[in-house]
Amino acid sequence: MLELTLSGNLQNTRSAQADHAFNYDFKLSLSHQGITAIYGSSGEGKTTFLRLISGLQKSHQGKLLFNGTVWQDDETFLKAEKRNIGYVFQESRLFNALTVEANILYGLGGKWKNLRPETQALVTEVYEQVGVSEWLNRYPEQLSGGQQQRVALARALVCRPQLLLLDEPFSSLGEQGKLSLLQYVASFTRKHKIPCLFVSHSRFEIEALASYAVLLKKGTIIAQGEVAELVTRLDLGLSHEEQSTSLLKATVRSHDDKFSLTELCLGDQIVWVQQIDAAIDQSVSLRIFSKDVIVSNLEPVESSVLNHLTGKVSEVELTQASRVLLLITIDGQKVLARITRKSLINLGIKIDQKVYIQFKSVGLGAISISNT
Amino acid sequence: MFLSPTDILALTLTFKLALVTTLLLLLISTPLAWFLSRWNSPWRALFESVIALPLILPPTVLGFYLLIFLAPDSFLGTSWYNLTGHQLAFSFTGLVIASMIYSLPFVVQPLQLAFEKIDSATLECAEVLGASSWRRFTSIVIPSTRNSFLLASVLGFAHTIGEFGVVLMIGGNIPGETQVLSLVLYDYVESLDYDAAHRLAATLVCFSVVMLVIVYSLNRGTLLRRKVAGKSAHTTTSSREV
């Protein structure tokens with residue numbers, strides 16, 4: 001869907017030194033539909049990347065294609081206003097002279113009565129779901145920061161753009177409000193088949209929403225792939241972060257109403273979690289923090305921890321003088337475990353060795369489930 | 001009658017001149033002010049100085065140069081004569097041109113200040129939403145700078161009515177063509193006809209006050225309406241933010 005090779009430089013406006021130019025060289029071929037996370041620390045070029053795609057910034061040179069349409073090459077440059085993109089900026093950027101309703105309908109021409117009935121239905125649904133229906137006659141300055149960001153989201157969604165760009169949106173909303181809004185974005189884009197690029201520096205949000213990610217560093221794309229795969233790659237920074245995680249795919253096998261538990265299949269191994277609201281055979285994603293993983297070379301007996309899985313050590317990397325990262329393969333899926341170097345030596349762990357792992361808790365999508 | 005036919009003629013002519021000048025100035029100043037507000041160049045200071053020149057230059061100096069430039073033997077005067085068969089100096093058209101130059105900074109500056117306050121981030125947002133540059137200007141820029149347009153119009157209009165030095169130099173005091181109020185008033189004072197001068201001056205003062213009150217009430221009205229609309233919305237809404 002999105003193919004680009006864009007390079008150039010720009011004066012870094014955020015930097016105090018005026019002579020500090022930011023160089024970028026983005027190469028990407030992205031066919032993933034749905035939400036793609038754009039991940040990187042601040043100052044690595046995430047916003048620049050979105051601005052180049054939107055056409056608000058023109059790359060010095062390069063090529064940009066969306067679904068086969070040329071947005072930029074040596075001869076052509078399609079203006080931002082012609083790209084039919086939805087863009088939710090870090091700040092809400094509302095039009096202060098217009099009411100909330102006029103703000104939201106701006107991309108549709110501005111007048112409710114000129115909309116077709118099906119568009120009116122869509123707009124009404126967005127009003128309800130984003131939670132702006134009670135403020136339609138107000139002006140932006142009469143809203144709180146979080147309310148303004150909701151309006152900005154509604155304004156982008158009602159246009160049913162062919163590509164949605166989210167640049168660290170909803171920072172003024174509380175965690176819960178943010179997550180429910182992001183979940184609505186996910187269901188909206190799925191329903192209307194809108195690919196979405198989602199810039200965030202919160203790996204929690206990314207793991208909860210995106211299945212695919214693009215990693216940026218110093219103005220280049222260093223990796224792209226399934227989030228589950230990227231988080232366990234030892235050559236990338238994600239696995240070395242303090243809050244590093246593994247994401248495992250599992251399917252629902254049964255529910256145990258007596259103990260309020262759900263049985264999940266992970267390959268031919270079983271994992272019990274607190275009962276979840278999911279149908280049998282539905283696939284779910286388990287999130288395990290690498291610091292929560294307990295590794296042993298004997299099969300665990302008699303403990304309060306419900307689950308243990310069997311796997312094979314596939315990689316070992318010393319990260320600090322005291323710590324190592326183990327990559328353990330379980331039926332083709334990878335689990336990251338962070339243990340001390342002392343334990344590694346005491347257990348005599350070697351590559352290809354069979355180990356047993358236990359974990360105190362697993363997360364499921366955005367919901368954390370206790371497992372003890 | 002309260003005002004003499006000469007007074008009425010001058011009054012009509014003055015308002016016609018102020019109206020035409022203000023409308024033309026708004027047409028020219030809007031793009032000019034927009035351009036200046038978005039232009040990042042060392043040359044900008046030079047352009048701004050040239051536009052601001054009528055603010056500090058004695059009107060007679062301006063009038064003198066305009067007389068030279070608009071004279072029948074000047075390039076501009078000759079071209080205009082060949083084109084229309086009329087002279088520029090000592091004509092209503094010449095007076096309009098002179099008034100426009102004289103009042104230019106009073107219209108450009110409020111607009112430029114207002115435009116500079118408009119955040120390009122907001123305009124970018126409108127661009128992404130598919131708005132053409134024309135729509136961005138009419139739907140975002142103009143509504144949020146309405147008061148400055150009003151101010152610019154009032155200043156341009158009032159300043160044109162009050163001009164004296166420039167029209168004295170290039171007007172020629174022709175009744176119905178270039179004899180504006182300030183010149184008639186000057187003539188009355190010269191001929192020591194203080195009664196006529198009082199009548200004319202008082203009429204002008206009253207009219208100016210009434211006009212300004214109307215304009216400022218209109219302006220206040222729009223502001224009040226917005227506040228009321230906001231308040232009523234506020235009372236019916238419970239906070240849903242988390």
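The shown structure was predicted, so the numbers you read here are calculated from the model rather than taken from an experiment. A, B, ... follow the sequence lines: proteins, then strands. Residue 1 opens every chain.
In H192(A), the NE2 atom is crowded: over 12 heavy atoms of neighbouring residues, nucleotides or ligands sit closer than 6.0 Å. No more than 12 heavy atoms of other residues, nucleotides or ligands shown are found within 6.0 angstrom of OH on Y65(B). For F69(B), the CZ atom sits in a loose shell: 12 or fewer heavy atoms of surrounding residues, nucleotides or ligands are nearer than 6.0 Å.
Interface check for chain B: of the options G86(A), A80(A), S54(A), the most heavy-atom pairs under 4.5 Å are formed by A80(A).
Nearest heavy atom pair, residue I140(B) against residue L98(A), reads CD1-CD1, 4.4 Å. What you find for T122(B) and L94(A) is that their closest heavy atoms are CG2-O, 3.7 Å.
The contact between R51(A) and chain B is made entirely by side chain atoms (from C-beta outward), counting heavy-atom distances below 4.5 Å. Contact of S133(B) with chain A is made through the backbone alone, with heavy-atom distances under 4.5 Å. Neither the backbone nor the side chain of L108(A) comes within less than 4.5 Å of any heavy atom in chain B.
Applying the salt bridge (Lys or Arg N to Asp or Glu O under 4.0 Å) rule to pairs touching residues 77-87 of chain A yields E81(A)-R136(B), sequence neighbours excluded.
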>> Quick one, L129(B) with C159(A), criterion side chain to side chain contact (heavy atoms under 4.5 Å, CB included). Give me CA distance, side-chain angles, the key distance, then yes/no.
In response: CA-CA 8 Å; L129(B) 286 164; C159(A) 300; 4.0 Å; yes

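One distance of note links OH of Y106(A) with SG of C125(B); it measures 9.0 Å at 0.5 Å rounding.
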